[in-house]
Number of protein chains: 2
Amino acid sequence: MSRYKPTDAEMEILHILWEKGSSSVREINDILNHRREVGYTTTLKLLQIMFEKGLARRDSGAKTHFYTAAVREHDTKNHLISDFVNVAFRGSAMSLVMQALGNSETSKEELDELKDLISKLEQNS
Amino acid sequence: MSRYKPTDAEMEILHILWEKGSSSVREINDILNHRREVGYTTTLKLLQIMFEKGLARRDSGAKTHFYTAAVREHDTKNHLISDFVNVAFRGSAMSLVMQALGNSETSKEELDELKDLISKLEQNS
DNA sequence: TTGACAATACGAAACTCTTCGTATATCTTT
DNA sequence: AAAGATATACGAAGAGTTTCGTATTGTCAA
């Protein structure tokens with residue numbers, strides 16, 4: 001049961017699948033083309049590879065195949081964060097959090113939300 | 001003045017350069033070999049490519065070349081965070097921060113540090 | 001100055017990823 | 001059932017990365 005780390009292109013597709021649920025290649029390709037031009041067979045190939053990797057499931061009942069995400073959004077992002085923290089921050093998640101916060105525009109509401117989370121973390125320690 | 005996004009292997013070397021400063025290929029290779037086995041010429045090639053990309057400078061005065069980082073640590077990490085947020089969190093830095101926090105072991109001291117940062121951010125808004 | 005040693009330069013192999021052209025299969029419509 | 005449209009399958013090209021073998025260059029000591 002080996003896990004594949006999604007590439008950037010695969011993440012773009014996973015986001016579509018997480019949001020839209022079961023989708024045909026054409027639907028996915030149409031959405032991708034809102035942002036940039038991608039050939040239909042390119043998207044098809046990506047989906048086929050994601051299927052082989054176990055990142056996507058597919059329902060091949062009819063002529064048109066329908067794909068869904070085979071990995072959970074939260075789990076996948078946790079894996080990505082973990083890798084990213086190791087590569088870019090030598091394992092220190094806090095360094096990432098601090099720099100990401102300092103670097104981003106943050107609204108009052110978001111800061112409040114963050115403080116709530118911190119309170120919860122403090123209780124559980 | 002185009003910027004290259006460092007690969008994982010390049011980040012490992014950049015971290016060494018940021019920490020140690022000017023280093024020979026042999027020194028860098030020795031440090032890399034603490035973690036995993038890497039051939040000397042592999043490390044050499046990586047440094048050469050990083051030099052071509054503008055990620056590293058080199059002082060070729062003597063027989064042995066000495067390399068230093070040509071990009072700033074904070075800037076580089078900001079770029080990486082920005083890309084990562086776009087790919088994995090559809091541009092929402094806050095989502096990343098919240099999930100990274102929730103996912104990591106965080107000490108009291110770190111949480112205090114984080115609260116200080118939040119206070120500062122609240123003042124500047 | 002020549003031999004030994006260490007460093008660099010070069011090039012190619014293996015791998016992964018993205019892209020797309022072309023072939024094949026399937027459905028629909030008339 | 002045949003024609004046309006739409007989908008999938010297959011394969012290969014091209015780019016980038018990592019790896020390392022081998023050749024070349026440079027240094028120092030005897």
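Per chain, numbering begins at 1; letters A, B, ... match sequence-line order.
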Could you state the [atom1]-[atom2] distance from [X] to [N], rounded to the nearest angstrom?
X	N	atom1	atom2	value
A:E52	C:dT16	CD	P	12 Å
B:F51	C:dT8	CZ	P	13 Å
B:N33	D:dC20	CG	C1'	14 Å
A:D8	D:dG16	CG	P	15 Å
A:L47	C:dC17	CG	P	15 Å
B:M11	D:dT18	CE	C1'	18 Å
A:N29	C:dT18	CG	P	15 Å
B:I49	D:dT19	CD1	P	11 Å

Kindly indicate whether the side chain of [X], heavy atoms from C-beta on, has any atom under 4.5 Å from the side chain of [Y].
X	Y	value
B:E37	B:N33	yes
B:N29	B:T42	no
A:E10	A:I13	no

Between [X] and [N], is there a side-chain N or O to OP1/OP2 distance below 4.0 Å?
X	N	result
A:T42	C:dC20	yes
A:R36	C:dT18	no
A:T7	C:dT18	yes
A:K5	C:dC17	no

Review point. Just how far is it from atom CD1 of B:I81 to atom CZ of B:F89, taken to the nearest 0.5 Å?
Key: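 Going from CD1 on B:I81 over to CZ on B:F89, the span is 12.0 Å.
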**Study point:** Derivation and outcome, side chain to side chain contact (heavy atoms under 4.5 Å, CB included), residues B:Q48 and B:Y67
**Key:** CA-CA 10 Å; B:Q48 287 171 341; B:Y67 289 84; 4.1 Å; yes
Exercise for review: Kindly say whether A:G21 contributes a backbone atom to a donor-acceptor pair with the side chain of A:S23 at under 3.5 angstrom?
Suggested key: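 The answer is yes, because a donor-acceptor pair under 3.5 Å joins these two groups.
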Report all interatomic pairs (protein N or O, nucleotide N or O of nucleotides 7-10 of chain D) with separations under 3.5 Å.
| from | atom 1 | to | atom 2 | distance (Å) |
| --- | --- | --- | --- | --- |
| D:dA7 | OP1 | A:R26 | NE | 3.3 |
| D:dA7 | OP2 | A:R26 | NE | 2.9 |
| D:dA7 | OP2 | A:R26 | NH2 | 2.9 |
| D:dT8 | OP1 | A:H65 | N | 3.0 |
| D:dT8 | OP2 | A:Y40 | OH | 2.4 |
| D:dA9 | OP2 | A:Q48 | NE2 | 2.9 |

Review point. Do the rings of A:F84 and B:F84 sit parallel, tilted or perpendicular, given the 30° and 60° boundaries?
Key: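 Taking B:F84 first and then A:F84, their aromatic rings lie parallel (interplane angle under 30°).
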